[in-house]
Every structure is written in C-alpha cells, then in structure tokens.
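Just so it is clear, the model here is predicted, and its values are computed rather than measured. Letters A, B, ... are given to chains in the order of the sequence lines, protein chains preceding strands, and every chain is numbered from 1.
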Amino acid sequence: MIPKKLYFLKINDLYYGITPPDTGLVIHGLFIEAGRWDASQGGLCEGRIGELNPQLPAVWLKPCLELDVGSRYEAPLYKTAVRAGVLSTTGHSTNFVLPVLLDSLKPADYWILQGTALITLTTE
Amino acid sequence: MIGNIRNVIVEKITVESIHGDLMKLDSKGRLPSLTTVLLQEVERFNKLLLVIHNSLDNLERAIKGFVVMSDILEAIFASFIDNQVPALWSSKGFLSTKSLGSWVNDFRLRNENIQAWVNYGAPHTNWLCGLFFPQSFLTGTLQTHARAFSLPIDALKIDFQVLAPTPIQQEIYDKRQHGEVSIFSSRQKFN
C-alpha cells in the first residue's frame, strides 16, 4: 500500500495571506447583487454584463465606539436573494443580517435606486 | 441517490477533538464568546444531520419494503425526483434557495467549515455564510471586543474595511481536503 502522502499546508497560504487582526474579525463569502467590487475604481461600481453575483473580497469587521458613515453606501446583507424574512423571537430577521458599509465613488442614492445588496448564498 | 447523499454528508460534527485555544478561559473564568457561538452552531448542525440521516435510512427501508411508505417519506422521495430540498430538511435547516444538488454540496462545505473550526481553532477568515445564525456570530465578535477593552457591548458598532484577497470557500475546502493543515498559525508563533 502506498503511504498517504502528507504535505503540510502553510496556514497563511490556506487563508490567502489573511492574518487575524488585533481587533475584530475577517469574514468572507459575500456576493453582490446589482454591482461589483473594484478597488481600483474606488470600491463599489457598476456590474458587468453577464456577471450575476460577483464576489465581495474579504471584509474586516472592526468594532468601534464612533461610527462615521461618511459617503459610504449601507448595503443590506441578506442570507438569500429573496430579501425578505420573518421576525424571530430573538428580534432578528430570519433573512436580514446587517448593513455593510461600502466605499464608492458614486453617491449612496445611486445604489439605493439600483437596489444593490449583499447576499450570502446564490441561487443555483 | 440516497447512498450518494449519505456519502457526502458526515454523520455528526464531533466536539471531542476541540482545539485547546477555543476552551481557554479568560481571567474571569469565562469561555470565549465565539466558542459559545461555535458550540451552538454545532448543536444546530447535529440536529439537522440527525434528521437527514434518519429520513434517508427510513426511506431506504421503505423502498426495499421493510417499512410502510408514509406520507412524510413519500414527500421526501417526491422532492428527490424534482431535485428539491425536502421540506422536512429545509424546515430544520438554514435558509437557502438552492436546489437539492447544490444544497447538498453547500451543506458539505458548511459541515467541513464547522468541523475545521472545532479541530484547528478559529480560522483567519470566517465564512459568515456557513453558519445557521450569522447574527450570533456578529454579537460574539462584539462581545469579544467588549470584554477585551472593558467596554459596554451596546455602545459598540461595527465598522467595515474591504481587504484585497477574495477567498472562495470551495478552494479552502479543497486545500484542507488535500493535506494536513499545519498547526502553526501566526497566532502561535514558533520560536
């Protein structure tokens, strides 16, 4: 029997070079509906044709006392593209998670009219 | 079909092998907030896993004729033929709009994600979508911060910064399946 080849994976390689921050946490796996993320174009920008749900890069959640929204767009994060849920006994929605602040060159109003949102699961 | 699903979905998430860092108590003897979140998630996963495996076993027996095909089993069978997630599973499961095939694959990723969290400790980047209840994870994050800096939790807000890399859970899964993950993370510096 051939012995099982063991190879050690560098943990930083596994997590794309992301290291745990001193405060808060890093999350990943969010999809964008009606938009696309391009850091070279100031963040949130208009989606490409044929790209239904582009991925948002990893996001660092930073707990803070004072939050400056600025000109950022508060993109609602939903679990599914249904974008509707029922209120559970804990006071949370079954679908809505939280608003995520995203940088953009365009004003927030523009994205509100576009109906841009984040989702955790795509429909396949 | 039944065998296929049974093969890709684990029996149970085990917590016996929990990583030491996750159980380390702080100076006031409290368990880390995110460990509480993790253990609650494990409980939800195991509840759903039990329902899935029970119904698969019963359905298999019903097809062979050892037990009576009940309404519930017939509904599951009909869902399989339509490539839908059976209502019995989705009622116990996480919110999803996926069809059966992608749902099973998604659930496999979730199981592996939770088991890896238990075995290797907190990942550097967390798959928020892989949890039943992401809100509790966010609260856990805030509570960790509140305890570390002795701040009231309800005064805390979450600020966001988008980073450069785009991790894909399927890739992380594949990498972890390929080989043993080194236990030396940057948190435990090796001198």
Side-chain angles (χ1 to χ4, degrees), chain A residues 5-21 23-31 37 39 43-44 55-68 72 77-82 85 90 92-98 100-103 119-124, chain B residues 34 94-99 101-103 105-106 120 122-131 133-138 140-146 148-149 151-153 155-169 171-172 175-176 178-187:
Chain A
K5 201 172 146 195
L6 280 180
Y7 85 84
F8 284 84
L9 201 63
K10 283 222 183 83
I11 199 124
N12 284 341
D13 187 39
L14 176 66
Y15 295 121
Y16 302 77
I18 297 170
T19 46
T23 62
L25 280 166
V26 180
I27 59 162
H28 70 268
L30 306 183
F31 296 92
W37 184 266
L44 195 61
Q55 290 221 333
L56 185 71
V59 181
W60 176 17
L61 305 179
K62 291 187 277 191
C64 61
L65 285 169
E66 298 273 319
L67 184 61
D68 179 29
R72 288 185 287 178
L77 169 63
Y78 297 99
K79 289 185 195 168
T80 68
V82 176
T90 50
H92 293 291
S93 165
T94 52
N95 205 336
F96 177 73
V97 184
L98 88 164
V100 178
L101 295 171
L102 297 177
D103 283 312
I119 51 172
T120 64
L121 273 183
T122 52
T123 307
E124 304 161 12
Chain B
L34 285 169
F94 43 89
L95 210 59
S96 181
T97 51
K98 289 187 188 294
S99 54
S102 5
W103 187 89
N105 190 42
D106 183 47
Y120 306 121
H124 291 193
T125 170
N126 299 272
W127 190 35
L128 185 67
C129 324
L131 304 173
F133 197 49
Q135 287 97 334
S136 73
F137 177 81
L138 298 168
T141 310
L142 288 181
Q143 200 176 25
T144 309
H145 187 77
F149 295 92
L151 295 165
I153 185 167
L156 289 175
K157 294 173 186 78
I158 302 181
D159 200 358
F160 304 89
Q161 188 182 329
V162 180
L163 305 172
T166 311
I168 296 162
Q169 190 61 30
E171 290 179 8
I172 296 180
K175 282 187 206 167
R176 275 198 290 235
H178 266 269
E180 290 286 311
V181 175
S182 158
I183 50 162
F184 304 122
S185 75
S186 56
R187 251 179 234 195

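- Within the 4.5 angstrom heavy-atom criterion, only side-chain atoms of A/Leu98, from C-beta onward, approach chain B.
- Distance check: B/Thr125 OG1 to A/Tyr15 OH gives 8.5 Å after rounding to the nearest 0.5 Å.
- Looking at B/Leu138, the atoms closer than 4.5 Å to chain A (heavy atoms on both sides) all sit in the side chain, from C-beta outward.
- Expressed to the nearest 0.5 Å, how far CG of A/Leu61 lies from CG of B/Asn126 amounts to 8.5 Å.
- If you measure heavy-atom distances from A/Ala58 to chain B, the contacts under 4.5 Å come from both the backbone and the side chain.
- Across all their heavy atoms, A/Leu101 and B/Phe160 have their closest contact at N-CD1, 3.2 Å.
- For A/Thr80, the part sitting under 4.5 Å from any heavy atom of chain B is the side chain, from C-beta outward, and nothing else.
- Considering only heavy-atom pairs separated by less than 4.5 Å from chain B, the leading option among A/Gly29, A/Gly85, A/Ala81, A/Cys64 is A/Cys64.
- Using a 4.5 Å heavy-atom cutoff, the side chains of B/Leu128 and A/Leu77 are in contact.
- Of the possible polar contacts, none joining the B/Gln169 side chain to the A/His28 backbone as a donor-acceptor pair under 3.5 Å is found.
- Residues that satisfy the side-chain contact (heavy atoms from CB on, under 4.5 Å) test with A/Leu65, not counting sequence neighbours, are B/Leu151, B/Ala155, B/Leu156.
- How far NZ of A/Lys79 is from CG of B/Leu131: 9.5 Å, rounded to the nearest 0.5 Å.
- Heavy atoms closer than 4.5 Å to chain A are found nowhere in B/Thr144, neither backbone nor side chain.
- Considering all non-hydrogen atoms of both residues, A/Gly24 and B/Thr141 come closest at CA-CG2, 4.2 Å.
- The distance from atom CZ of B/Phe137 to atom CG of A/Leu25, rounded to the nearest 0.5 Å, is 4.5 Å.
- Atoms CD1 and NE2, on A/Ile18 and B/His124 in that order, are 9.5 Å from each other to the nearest 0.5 Å.
- When each of B/Ala148, B/Ser99, B/Pro165 is scored by its heavy-atom pairs under 4.5 Å with chain A, the top score falls to B/Pro165.
- For the residue pair B/Ile172 and A/Tyr16, the shortest heavy atom distance occurs at CG1-CE1, 3.8 Å.
- Qualifying side-chain contact (heavy atoms from CB on, under 4.5 Å) partners for A/Pro63, counting only residues two or more places apart in sequence or in other chains: B/Leu142, B/His145.
- Interface summary for chain B: among A/Ile27, A/Leu56, A/Leu102, the most heavy-atom pairs under 4.5 angstrom belong to A/Ile27.
- Considering all non-hydrogen atoms of both residues, B/Lys98 and A/Thr122 come closest at NZ-O, 2.9 Å.
- Interface residue A/Asn95: backbone and side-chain heavy atoms are both found under 4.5 Å from chain B.
- B/Ala164 and A/Pro57 make their closest contact through O-CB, 3.9 Å (heavy atoms, listed as atom of the first residue, atom of the second, distance).
- Contact between B/Phe133 and A/Thr90 at its shortest, heavy atoms only, is CZ-OG1, 3.9 Å.
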